[in-house]
Amino acid sequence: MTTRTFASMASGVAAKPGEKPPICEEALHVVRKLMYGNRGYAASDSGSRLQHFDQVEKLLEDPLDPVTVQALLISCSRAAVDINTLFGTTPGEVMAFRVCGNICNPGDPDDGVVGSVEFALSQASPPLVIVLGNSDNFVVEAAVRCAMIEAGMTDVPQGPKLTGGYSEKDMGLVQHVLPSARDALLQHPHLQFKKLCELAAKLNVWNTVQVLLSTSCTIYDRVLAGTLEVQGAFLNLDTGKVQFLGKHPSQDKLLVERPCQEVARTAEAPPVPSDEAHAALYAGNRRYCAGNGGQVARSYDERLLRRLSEAGQNPMAVVLGCADSRAPIEILFDVMPGDLFVLRNAGNTLNETSGGTIGSVEYAVAHLKTELLVVAGHSQCGAVTAAVGAMRRKESLEDFGGRIGWLLEYLHQEAQAAVDQLPKEPLKAQVVLATKLNVLATMEKLIRYSEIVRNAVERMDLQIHGAVYDIFNGEIHWVGQHPKLEGILERELPVYRWKVTPYSRTSESIKSNPLVEALQAGNLRFVSGQTEVQRAEKLQDPSMIIVAGSEVRVPVETIFDSQPGQLLVQLCVGNIAGHRKGSLFKSLEYAVARFAPKLLVVMGGSHSSIIQKAIQAASGGEAASGKNRIILDRVTVSAARAIEQVAQDGSSTAAGRDIKIQQLFVELNALYTLEQLLRHSQIIRTAVKCHGLELHVAVLNEATGEVEFLGTHPMHEHLLSAL
């Protein structure tokens, strides 16, 4: 997807923190346009949509008639009408981000909704961000019921029964909205329930606006410069009318202090999944090699360092490396303070079954919950070279003075093996092999010597990767996970085998499902021009959830020609699920518990703008700043795997390689989202095991409008049984 930049015009110069920003005339123009469009919708019986052929063609940008992104909109996943119909806009003019309750998590520095908005702002420059609340919002109603119970009120309406035995107050998403519900109750404790919910919904809109202004450096800077406005709005589902609420009532106060540019990863955040940590190190080293490193040097911020010192550490990886002064771990991986837990000794070996090194590793794994362990050797290692030289000369390692011989003894077997395997090769070649063998040996020792490490690997709570750093060009050559891991653990590891084997589609993942068939039939009507325009008198409970990318220009409900309310659609950049404590994750969990759907589909887009950004990130492009990196860190997992796989499959042309990487990325990224939901959500696992929920992957071909369903995750059963 390509977008054209909206040239926002501000009246005057940028304000200083605490001052009133200049008026953004372009934002006012867009608001008026949306008002007129909504007036037409509200006055009609069925609203209006573009003709079918326009809809299909609008999936991709017309280079001869490009559409300007005029506004970004955060709204609820459950909707009675699509955004283009509601505002009378053309596909591409409004980019939507949809999450249950239209929330951003105020306590989450890595919020995926804020990250999606920042990413969109980096691709285009719309002058307006709107947070749209609505009446009859099921999340707000749940929060109001909880607030009424807290206040000791007896006339609390009966809420729905949630699947899995959960109560509304148990749900993380409801907890995010609860402060707005409490404030509404404090302001008007005697209001009728419906009116009380409408008040709470509007307060929730302001809370989301506050999170955007107070946590996003990008949004803050643009608002202060007068090139962007963040406004609230409220949709009355009964009338179809949107009330535009304007700016946050306390905007000037919220703009007093600029948010931190970078996010400090502290103990308050969940652990970084091993695949994402590995992708971050992979991309960081590529940046370093490409001359785009220096993230550590840019990270100085007094508030960031204070957060790290006060809130505890949460490193994304443990790195056991060599003490060689030419192998600076944090620099060659281009990371920030707090990202790595680094252990170093000469030869990056494990020279004891207990003690400081193994104890430090266990501390990081058991107490800091770090999910990635990297053993990093390097070229021209002095310790390895000395050990190989001694084996070539058949010298005793005891001849080395002091404790040096004692240290080299732990490299003896790998040095001897390299000499035996390459007896006629020069010292240099033998050292290269011994370095790799030593990395693998240390990986194996970590598993054999430590029960904590072994158990974490077996539970899939830890991955151990090997790496060799070339001190000449700075490049990390990844050894990967141990090729004999199943033998070391003496058990089969299907998920491990799937991750280390080149990905390909499998027909075994495709299962017959009547809901999938209904979506396929609706998509066929869309493609063939037989869709029907409908308007709901009352929202039905959704039977299916679709997770898709905000970059998809045509509403998902239209692509599947669904009945109003039949689908609950969550939209964010890259169709990610976010992390396990984030708003995107909690939104899906609450939707599953509240509506007990039988199908959840993660749908990737063939021409998404995130594809090239992810590939660039995994290929050494400049590091994303701020919350933009929240999105890229997750999608880079699939980009890195796709790049490595295509590099080995023998594609002969540049075009062939690039197209294959893009295809692999779209599918792997959707599968990764499913994997994270299965691994980290007890609510979703329970729904799959006990309540008939199926998780599927699909790919939208944005050139044709056709959606191809690929089935469930190939490791679906193993992911469930492993947990």
State the [atom1]-[atom2] distance between [X] and [Y], to the nearest 0.5 angstrom.
{"X": "Ile130", "Y": "Gln70", "atom1": "CD1", "atom2": "CD", "result": "10.5 Å"}
{"X": "Gln566", "Y": "Leu519", "atom1": "CD", "atom2": "CG", "result": "7.0 Å"}
{"X": "Met603", "Y": "Phe709", "atom1": "CE", "atom2": "CZ", "result": "8.0 Å"}
{"X": "Met544", "Y": "Leu600", "atom1": "CE", "atom2": "CG", "result": "11.5 Å"}
{"X": "His579", "Y": "Ile630", "atom1": "NE2", "atom2": "CD1", "result": "7.5 Å"}
{"X": "Leu28", "Y": "Met35", "atom1": "CG", "atom2": "CE", "result": "9.5 Å"}

Taking [X] for its side chain and [Y] for its backbone only, find out whether a donor-acceptor pair lies under 3.5 Å.
{"X": "Ser135", "Y": "Glu198", "value": "no"}
{"X": "Asp183", "Y": "Ala200", "value": "no"}
{"X": "Glu702", "Y": "His607", "value": "yes"}
{"X": "Glu557", "Y": "Leu567", "value": "no"}
{"X": "Ser214", "Y": "Leu254", "value": "no"}
{"X": "Ser77", "Y": "Val569", "value": "yes"}
{"X": "Thr227", "Y": "Arg222", "value": "yes"}
{"X": "Thr636", "Y": "Ala618", "value": "no"}
{"X": "Asn204", "Y": "Gly101", "value": "yes"}
{"X": "Asn38", "Y": "Lys241", "value": "no"}

Begin from the C-alpha positions of Glu141 and Arg594 and carry the test salt bridge (Lys or Arg N to Asp or Glu O under 4.0 Å) through to its verdict. CA-CA 12 Å; Glu141 290 174 347; Arg594 171 67 173 80; 5.6 Å; no

How close do [X] and [Y] get, counting heavy atoms only, and between which atoms?
{"X": "Asn575", "Y": "Gly605", "answer": "OD1-N, 4.5 Å"}
{"X": "Gln251", "Y": "Val230", "answer": "OE1-O, 4.4 Å"}
{"X": "Ile74", "Y": "Cys104", "answer": "CD1-SG, 4.3 Å"}
{"X": "Ile103", "Y": "Ser583", "answer": "CD1-CB, 3.9 Å"}
{"X": "Tyr590", "Y": "Met171", "answer": "CD1-CG, 3.5 Å"}
{"X": "Leu203", "Y": "Ala184", "answer": "CD1-N, 3.5 Å"}

Assess the residue pair Lys613 and Gln123 against the criterion (side chain to side chain contact (heavy atoms under 4.5 Å, CB included)); give the C-alpha distance rounded to whole Å, side-chain angles, the decisive distance to 0.1 Å, and a yes or no. CA-CA 10 Å; Lys613 285 294 181 182; Gln123 301 301 293; 3.1 Å; yes

Do Glu118 and Ser216 have side-chain N/O donor and acceptor atoms under 3.5 Å apart?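 Checked: Glu118/Ser216 side chains pair up, N/O donor to acceptor below 3.5 Å.
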
Under 4.5 Å between any side-chain heavy atoms of [X] and [Y], yes or no?
{"X": "Phe560", "Y": "Val707", "result": "yes"}
{"X": "Asn102", "Y": "Asn137", "result": "yes"}
{"X": "Ile610", "Y": "Asn669", "result": "no"}
{"X": "Asn628", "Y": "Thr218", "result": "no"}
{"X": "Leu199", "Y": "Ser180", "result": "no"}
{"X": "Val129", "Y": "Ile219", "result": "no"}
{"X": "Gln210", "Y": "Asn207", "result": "yes"}
{"X": "Thr712", "Y": "Leu695", "result": "no"}

Neighbour count above 12 (heavy atom, 6.0 Å) for Tyr36 OH: no

Within 6.0 Å of NZ in Lys195, more than 12 heavy atoms from elsewhere: no

Using side chain to side chain contact (heavy atoms under 4.5 Å, CB included), reason through His713 and Val697 one step at a time and then give a plain yes or no. CA-CA 7 Å; His713 195 293; Val697 165; over 6 Å; no

Option among Leu72, Val223, Asp221 that satisfies the side chain to side chain contact (heavy atoms under 4.5 Å, CB included) test with Leu228: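 Testing each of Leu72, Val223, Asp221 against Leu228, the sole residue satisfying side chain to side chain contact (heavy atoms under 4.5 Å, CB included) is Val223.
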
Leu34 pairs by side chain to side chain contact (heavy atoms under 4.5 Å, CB included) with which of Val242, Leu86, Val94?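 Answer to the side chain to side chain contact (heavy atoms under 4.5 Å, CB included) test with Leu34 among Val242, Leu86, Val94: Val94.
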
What class does the angle between the rings of Phe87 and Phe244 fall in, given that below 30° is parallel, 30 to 60° is tilted and above 60° is perpendicular? tilted

Using a strict cut-off of less than 4.0 Å between a Lys/Arg side-chain nitrogen and an Asp/Glu carboxylate oxygen, indicate whether Lys247 and Asp252 qualify as a salt bridge. no

Determine, step by step, whether Thr85 and Thr558 satisfy the side chain to side chain contact (heavy atoms under 4.5 Å, CB included) criterion, reporting the C-alpha distance in whole Å, the side-chain angles of both residues, the deciding distance to 0.1 Å, and the verdict. CA-CA 11 Å; Thr85 301; Thr558 304; over 6 Å; no

With sequence neighbours excluded, residues passing salt bridge (Lys or Arg N to Asp or Glu O under 4.0 Å) with Glu589: Lys586

Determine whether Asp111 and Thr215 satisfy the following criterion, side chain to side chain contact (heavy atoms under 4.5 Å, CB included), listing intermediate values before the conclusion. CA-CA 9 Å; Asp111 187 78; Thr215 66; over 6 Å; no

Which residues share a side chain to side chain contact (heavy atoms under 4.5 Å, CB included) with Val666, sequence neighbours left out: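 Val666 satisfies side chain to side chain contact (heavy atoms under 4.5 Å, CB included) with Ile611, Val699 once adjacent residues are dropped.
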
